[in-house]
Student: 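First the structure, then my questions, so here it is.
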Amino acid sequence: MSFKPSRQMHLGAEAEVWSGSWMGRDAVSKLRRPRKWRHPDLDHRLGHRRMMSEARLLIRLKNAGLPVPALWDLDPEAGRMILERIPGRPLIEVLRDATYTESFIETALINTGAVIRQLHRQAITHGDLSTNNILVDTNGNASLIDFGLAVIDYEVERFGIDLHVIDEILGASHPEHIDAIEQLIKGYAAEEERLGAPAELSGGAVPTATEVLRRLEDVRSRVRYHG
Ligand SMILES: Nc1ncnc2c1ncn2[C@@H]1O[C@H](COP(=O)(O)OP(=O)(O)O)[C@@H](O)[C@H]1O
Ligand SMILES: [Mg+2]
């Protein structure tokens, strides 16, 4: 692998991410980190499986034209992926930066909703839709990253949960943007309007935007009721 690291971007519990270049192009290297508390064999198997799953879904989504990083190289034994570096900043930073205009933020949130709907139309749920895993560029366009917990599914529940995760995060971590989730939902619904009814896929029909949004309401009231 000819990745040339330049700067560490992230050191999390699960992964270490470096910014750098690969074949002269802007890239990131994502290196799986061992979990000390797990048995090494089990840890290796789980990490391996997650990275293979992330790689497979990234390829599928890139082929479908979604704004996700291209996978350029993969070494599952070493636990390393080389990905296209997506320009832009995590949504968490954009929402905390008071220098952006309201209208830029609204555009970013509508575009975020649109790409989440694009993802769901591929019968894929993200599994970790935090504002760290959404990147926003200077035009307010959104990309999705970090598919280690993503799965293929056709049941509405997991889609509703996907939206509920970002709903909770927007409410808890970004209370200064009171309309954030409404704007994201507006983009989610508008994307379905724009694209029409979702196509029948090999595994069946994916839940419509209306069905997912109705389920989000159910999940919200369940959480309210049970605390
Ligand atoms: N393809 C990419 N382009 C640009 N930045 C990225 C890319 N992949 C990861 N990052 C940065 O690294 C951080 C951690 O990467 P991520 O894949 O989310 O790992 P983790 O599983 O540890 O959350 C992201 O929040 C983002 O800031
Ligand atoms: Mg992440």
Side-chain angles (χ1 to χ4, degrees), residues 1-38 43-76 78-97 100 108-109 111-112 115-116 118-119 124-151 161-163 165-166 168-170 172-174:
M1 267 199 229
S2 63
F3 179 76
K4 294 185 184 62
S6 55
R7 166 177 86 80
Q8 193 180 64
M9 295 181 87
H10 167 85
L11 182 62
E14 306 264 339
E16 183 178 330
V17 178
W18 281 77
S19 171
S21 71
W22 187 84
M23 311 278 266
R25 290 179 283 183
D26 288 349
V28 302
S29 141
K30 184 169 173 178
L31 187 69
R32 173 166 50 81
R33 307 185 71 212
R35 310 298 303 265
K36 297 271 178 337
W37 47 269
R38 255 189 222 141
D43 183 67
H44 189 79
R45 275 205 311 281
L46 283 177
H48 190 279
R49 195 182 305 157
R50 250 171 91 166
M51 190 159 273
M52 290 305 286
S53 159
E54 176 165 20
R56 200 175 297 125
L57 293 176
L58 275 175
I59 291 167
R60 181 191 273 243
L61 292 170
K62 194 69 177 177
N63 285 339
L66 267 81
V68 300
L71 176 69
W72 285 339
D73 205 352
L74 174 67
D75 182 345
R80 193 152 86 130
M81 287 193 297
I82 305 296
L83 301 166
E84 167 190 9
R85 193 191 324 144
I86 303 276
R89 301 171 66 194
L91 181 59
I92 187 168
E93 290 178 19
V94 172
L95 293 175
R96 285 184 178 157
D97 186 335
Y100 290 103
L109 287 163
N111 290 337
T112 297
V115 301
I116 296 172
Q118 287 173 22
L119 175 73
I124 297 176
T125 58
H126 186 280
D128 188 14
L129 274 179
S130 77
T131 45
N132 280 304
N133 292 332
I134 297 159
L135 301 180
V136 174
D137 73 10
T138 50
N139 297 316
N141 291 316
S143 301
L144 299 175
I145 59 167
D146 198 1
F147 289 86
L149 295 174
V151 292
I161 301 274
D162 237 10
L163 292 185
V165 169
I166 185 83
E168 296 264 272
I169 289 169
L170 290 173
S173 311
H174 306 285

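When a ligand or atom number is given, it counts from 1 through the structure's own listing order.
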Student: Just one of I166, T112, I169 clears the side chain to side chain contact (heavy atoms under 4.5 Å, CB included) bar with L129, so which one?
Tutor: I166
Student: So, regarding E54 and ligand 1 (criterion: nitrogen or oxygen to nitrogen or oxygen, under 3.5 Å), is there a contact or not?
Tutor: no
Student: Run the numbers for me: atoms of ligand 1, each under 4.0 Å from some heavy atom of R85, listed by number.
Tutor: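 Within the 4.0 Å cut-off of R85, ligand 1 contributes 3 (N), 4 (C).
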Student: Check S19 against M9 and note the closest heavy-atom contact, atom names and distance.
Tutor: CB-CG, 3.5 Å
Student: Could you tell me which atoms of ligand 1, counted from 1 in the order shown, lie closer than 4.0 angstrom to a heavy atom of P69?
Tutor: 1 (N)
Student: Are K30 and E16 ion-paired here, with the side-chain N under 4.0 Å from a carboxylate O?
Tutor: no
Student: Any N/O/S atom of N133 sitting less than 2.8 Å from the Mg ion (ligand 2), backbone or side chain?
Tutor: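 Given the 2.8 Å cut-off, N133 counts as a ligand of the Mg ion (ligand 2).
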Student: Between K62 (side chain) and P69 (backbone), is there a donor-acceptor pair under 3.5 Å?
Tutor: no
Student: Salt bridge check, D137 against R89: does any charged N sit closer than 4.0 Å to a carboxylate O?
Tutor: no
Student: Taking only heavy atoms of M9 into account, list the atoms of ligand 1 that are under 4.0 Å away from them.
Tutor: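 Going through ligand 1 atom by atom, the ones under 4.0 Å from M9 are 5 (N).
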Student: Among H10, R33, E14, which one has a heavy atom closest to atom 13 (C) of ligand 1?
Tutor: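 The nearest heavy atom belongs to H10.
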Student: Indicate, as side chain, backbone, both or neither, the part of D128 found under 4.0 angstrom from ligand 1 when only non-hydrogen atoms are considered.
Tutor: neither
Student: Heavy-atom pairs closer than 4.0 Å: do any link ligand 1 to the side chain of V17, the backbone, both, or neither?
Tutor: side chain
Student: Could you tell me whether the Mg ion (ligand 2) has an N, O or S atom of D146 under 2.8 Å away?
Tutor: yes
Student: Are any non-hydrogen side-chain atoms of F3 and W72 less than 4.5 angstrom apart?
Tutor: no
Student: Would you check whether G12 has a nitrogen or oxygen atom less than 3.5 angstrom from a nitrogen or oxygen atom of ligand 1?
Tutor: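 For ligand 1, there is no N or O atom that lies under 3.5 Å from one belonging to G12.
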Student: Would you mind listing which atoms of ligand 1 come within a distance below 4.0 Å of any non-hydrogen atom of N133?
Tutor: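 Per the distance check, 18 (O).
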Student: Between the side chain of D128 and the main-chain N/O of L149, is any donor-acceptor distance below 3.5 Å?
Tutor: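 It does not hold such a pair.
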Student: Considering the heavy atoms of K30, write down every atom of ligand 1 situated less than 4.0 Å from one of them.
Tutor: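 That gives atoms 16 (P), 17 (O), 19 (O), 21 (O) of ligand 1.
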Student: Would you tell me which option among L149, T131, I145 has the nearest heavy-atom contact to atom 10 (N) of ligand 1?
Tutor: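 The nearest heavy atom belongs to I145.
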Student: Nearest protein heavy-atom contact for atom 25 (O) of ligand 1: which residue, which atom, what distance?
Tutor: N132 O, 3.0 Å
Student: Is the shortest side-chain N to carboxylate O distance from R80 to D73 below 4.0 Å?
Tutor: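 Not counted as a salt bridge, because no side-chain N and carboxylate O are separated by less than 4.0 Å.
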Student: For atom 27 (O) of ligand 1, find the nearest protein heavy atom and state the residue, atom name and distance (0.1 Å precision).
Tutor: P90 CG, 3.9 Å
Student: Which of the numbered atoms in ligand 1 are below 4.0 angstrom from a heavy atom of E84?
Tutor: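 Listed by number with element: 1 (N), 2 (C), 3 (N).
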Student: For atom 23 (O) of ligand 1, grab the closest protein heavy atom and report residue, atom and distance to one decimal in Å.
Tutor: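 Ranking protein heavy atoms by distance from atom 23 (O) of ligand 1, first comes D146 OD2, 2.9 Å.
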Student: What are the two closest heavy atoms between S6 and G20, and how far apart are they?
Tutor: OG-CA, 3.6 Å
Student: What closest approach, in Å, do P76 and H48 show between heavy atoms, and which atom pair accounts for it?
Tutor: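 Heavy-atom minimum between the residues: CB-NE2, 3.5 Å.
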Student: Are any side-chain N or O atoms of S130 and backbone N or O atoms of N132, one a donor and one an acceptor, separated by less than 3.5 Å?
Tutor: yes
Student: Which protein heavy atom lies closest to atom 7 (C) of ligand 1, and at what distance to 0.1 Å?
Tutor: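 The protein heavy atom lying closest is V28 CG2, 3.8 Å.
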Student: Answer yes when E14 and R50 have at least one side-chain N-carboxylate O distance shorter than 4.0 Å, and no when they do not.
Tutor: yes
Student: Return the residue, atom name and 0.1 Å-rounded distance of the protein heavy atom closest to atom 3 (N) of ligand 1.
Tutor: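 Sorting protein heavy atoms by distance from atom 3 (N) of ligand 1 puts I86 N, 2.9 Å first.
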